[in-house]
Amino acid sequence: MIDIKQLRENPQRFIDGAAEKNISVDITTLIDLDEQRRLFTRQREEHRAEQKKISKEIGPQIGKLKGLLKSAGEEERAEFETTLAELEAKPVALKNEIQRLDDSVAQIESKWKALLLQIPQPADPDVPRGTSADDNVQLRTWNPKSYDLNQSFAENRGFEPKTHIELLHALELADFERGVKMSGTRHYMMTGNGMRLHQAMLRFAFDLITNEHGFTPMSVPVILREECMVGTGFFPTGREQAYHIEESQRGAGHDLFLAGTGEVGLMGMYADEILPGNKLPIKMATVSTCFRREAGAAGRDTAGLYRIHQFDKVEQVVICKADEAESRSWHKRMLSIVEELLQKLELPYRLLQCCTADLGSKNADMIDIECWMPGRGELDANERPQGDWGETHSASRLYDYQCRRLNTRYRDEEGNTVFAHSLNNTVLASPRILIPLIEMHQQKDGSVAVPACLQPYMNGLQVLEACTATTTA
RNA sequence: GGACAGGUGGCCGAGCGGCUGAAGGCACCGGUUUGCUAAACCGGCGUACUGGUUAUACCGGUACCGCGGGUUCGAAUCCCGCCCUGUCCGCCA
């Protein structure tokens, strides 16, 4: 959520910010509603103050009269009733007026809140302006010494690559048909060594981030209340991307939603809290199952492990003090952890500075990491893919946008409560990361070499071969 | 799932429908005293919005006693719905 005070002071910044992100929101209406809300709220407060004052003056008198009324005789009764009516006339008039203002404020406020939640965080000035993902800017690439990105896979390795789908089938690492049979399109199963590899990847990444980089290991709920989804900024805009468990239909008090990332649980845990300043920065990592409906992606990446409804992800999150320099430095550090990971896995990658159009509404800045996937991309004359980059990681910098929504604050040195800054980044998402892994490490004989860093997590296995697969027939 | 009990400030805990933003205690901060520490004593100590002003200093107003609604001139206190917690029973990885 943006700071409404900043919007009042400089609406143009937010109008431009939304336009640059290609997000259409009615900021003029929000400003109108904001003014009305403040006006009516102030009037209501003035009336209430008056009411309280009167109440204190005549309240006890009313109470006393009502008491006397009970034991009063006929003549006295009439007199008391008249006095009572006189005393009550003014507060009753006030009460009606307050009731009217209450209704106005409630009505305005719900529209105001709904709009406010939709206003995107403007991108930072150093984020390239753009109209689509095509305008993202490549920052740098990395490749192992043995792989020249300017040459084709065949030129590098001396044989034509298979796609990950072909490799998964041949080595019996995954079963798409039965996954689809049970759950429908975009579902799959990892089988035998495929599952071992999947787990090895996750554990390797989790150990790296927690043991080597001091992030606190966490398990988090992946079934969450709507407040968490709104608080973390995934709702209302991304509502159709989340699976919705309509428990209220069965009589429960609230619905639940499946998280699309562990970030929801990690950030949600500190909602409505004021943290002691010395607790920051909070560095946490979780490994969790992620669920995405992939609404609007019909027809895209339908085959293989690229775009699926359920996967597992190691996620890193940092909650730090409200300091731009500190935020920016954490962003870099989180990215460098991923670079270390990918280098250990010997996977070529590139860093992409996302342009304004690709940021999403909550981010001030986002850097994606894409791995080279030889089995992806346009088909050549022989109907074989030419290879392409595929997104495997995404590092977001949000300033206080998320903490403001979540109401996560900390107490600074002067004792003030301040909204914290938050950042998040993928450490590793699997099975998507298995695409570059098995495509890049495939060998001429159709086997796949297991990178050294994963071997301890694979019972020491060095090569995945067809005959080593121990899966169901 | 069934039966009870209960949700009050950082924590514990009191609270007759008006004098309660809320007693008391603990913790914390400042001060006095003090060889040091401790103790004792004095003072301070919630969040948010909003106005006086341009200001995180100061003064005022409003709201907040799980959440939402209702009764009332007036609600922490009465009523209704929901959420959550605890205990017992049942079921269960």
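Side chains included, hydrogens not; waters and symmetry mates left out as well; all remaining heavy atoms used. Per chain, numbering begins at 1; letters A, B, ... match sequence-line order. Quick caveat, the model's predicted, so the values are computed rather than measured.
Separation of the C1' atoms belonging to B:U47 and B:U56 is 15 Å when rounded to the nearest angstrom. A gap of 9 Å separates the P atoms of B:U8 and B:G13, to the nearest Å. Taking the C1' atom of each, B:G17 and B:A76 are spaced 11 Å apart, rounded to whole Å. Nucleotides B:C26 and B:C41 place their P atoms 9 Å apart, quoted to the nearest Å. To the nearest whole angstrom, the two P atoms, one in B:G86 and one in B:C12, are 14 Å apart. Spacing of P atoms, B:G66 relative to B:G61, comes out at 25 Å, to the nearest Å. With both ends at atom C1', the span from B:U20 to B:C79 equals 22 Å, rounded to whole Å. Atom C1' of B:G15 sits at a distance of 13 Å from the matching atom of B:A75, rounded to the whole Å.
Comparing B:C84, B:U50, B:U47 against the side chain of A:R225 picks out B:C84 as the nearest. Side-chain atoms of A:R42 lie closest to B:G51 of the nucleotides B:A48, B:G51, B:U56. Of the candidate nucleotides B:U47, B:C73, B:U50, B:U47 has the atom lying nearest to any side-chain atom of A:I274.
When each of A:Q99 and A:K95 is assigned the nucleotide of RNA chain B with its nearest heavy atom, A:Q99 is the one assigned upstream, toward the 5' end.
Partner assigned to B:C64 is B:G46, using Watson-Crick or G-U wobble distances below 3.5 angstrom. Nucleotide B:C11 has B:G25 as its partner under the Watson-Crick or G-U criteria, with both atom distances under 3.5 Å. Here B:C73 sits opposite B:G18 as a Watson-Crick or G-U wobble pair (both hydrogen-bonding atom distances under 3.5 Å). Remark: B:G51 base-pairs with B:C59. Criterion, Watson-Crick or G-U wobble with two distances under 3.5 Å. Remark: B:A93 base-pairs with no nucleotide; criterion is Watson-Crick or G-U wobble with both hydrogen-bond distances under 3.5 Å. Across every strand in view, B:C4 sits in a pair with B:G86 that passes the Watson-Crick or G-U test at under 3.5 angstrom. Pairing of B:U37, defined by two Watson-Crick or G-U wobble distances under 3.5 Å, is not identified with any nucleotide.
Nucleic acid contact class of A:R404 (heavy atoms, under 4.0 Å, all strands): none. Residue contacts shown for A:R37 are absent, as no nucleic acid heavy atom lies under 4.0 Å away. Within the nucleic acid shown, A:T41 has no heavy atom closer than 4.0 Å to any nucleic acid atom.
The pair A:K344-A:E340 meets the salt-bridge criterion, with a side-chain N (NZ, NE, NH1 or NH2) lying under 4.0 Å from an Asp/Glu carboxylate O. Salt-bridge check for A:E413 with A:K321: passed, with a basic side-chain N closer than 4.0 Å to an acidic carboxylate O. Comment: A:E45 does not engage A:R48 in a salt bridge, judged by the lack of any side-chain N to carboxylate O separation of less than 4.0 angstrom. We find that A:R432 and A:D301 are not joined by a salt bridge, their nearest charged nitrogen and carboxylate oxygen being 4.0 Å or further apart.
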Nucleotides 61-63 of chain B: which of its N/O atoms have a protein N/O under 3.5 Å away?
residue: B:G61; atom: N2; partner: A:E45; partner atom: OE1; Å: 3.1
residue: B:G61; atom: N2; partner: A:E45; partner atom: OE2; Å: 3.4
residue: B:A63; atom: OP2; partner: A:K52; partner atom: NZ; Å: 3.0

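Looking at residues two or more places apart in sequence or on another chain, you find a ring-ring contact (aromatic ring centres under 6.0 Å, His included) between A:F257 and A:F235, A:H244.
Annotation: side chain of A:K5 is in contact with side chain of A:R8 (closest heavy-atom distance under 4.5 Å). A 4.5 Å side-chain heavy-atom check between A:N363 and A:Q121 finds every atom pair outside the cut-off. Inter-residue side-chain proximity for A:M189 and A:M182 is flagged as met; some heavy-atom pair is nearer than 4.5 Å.
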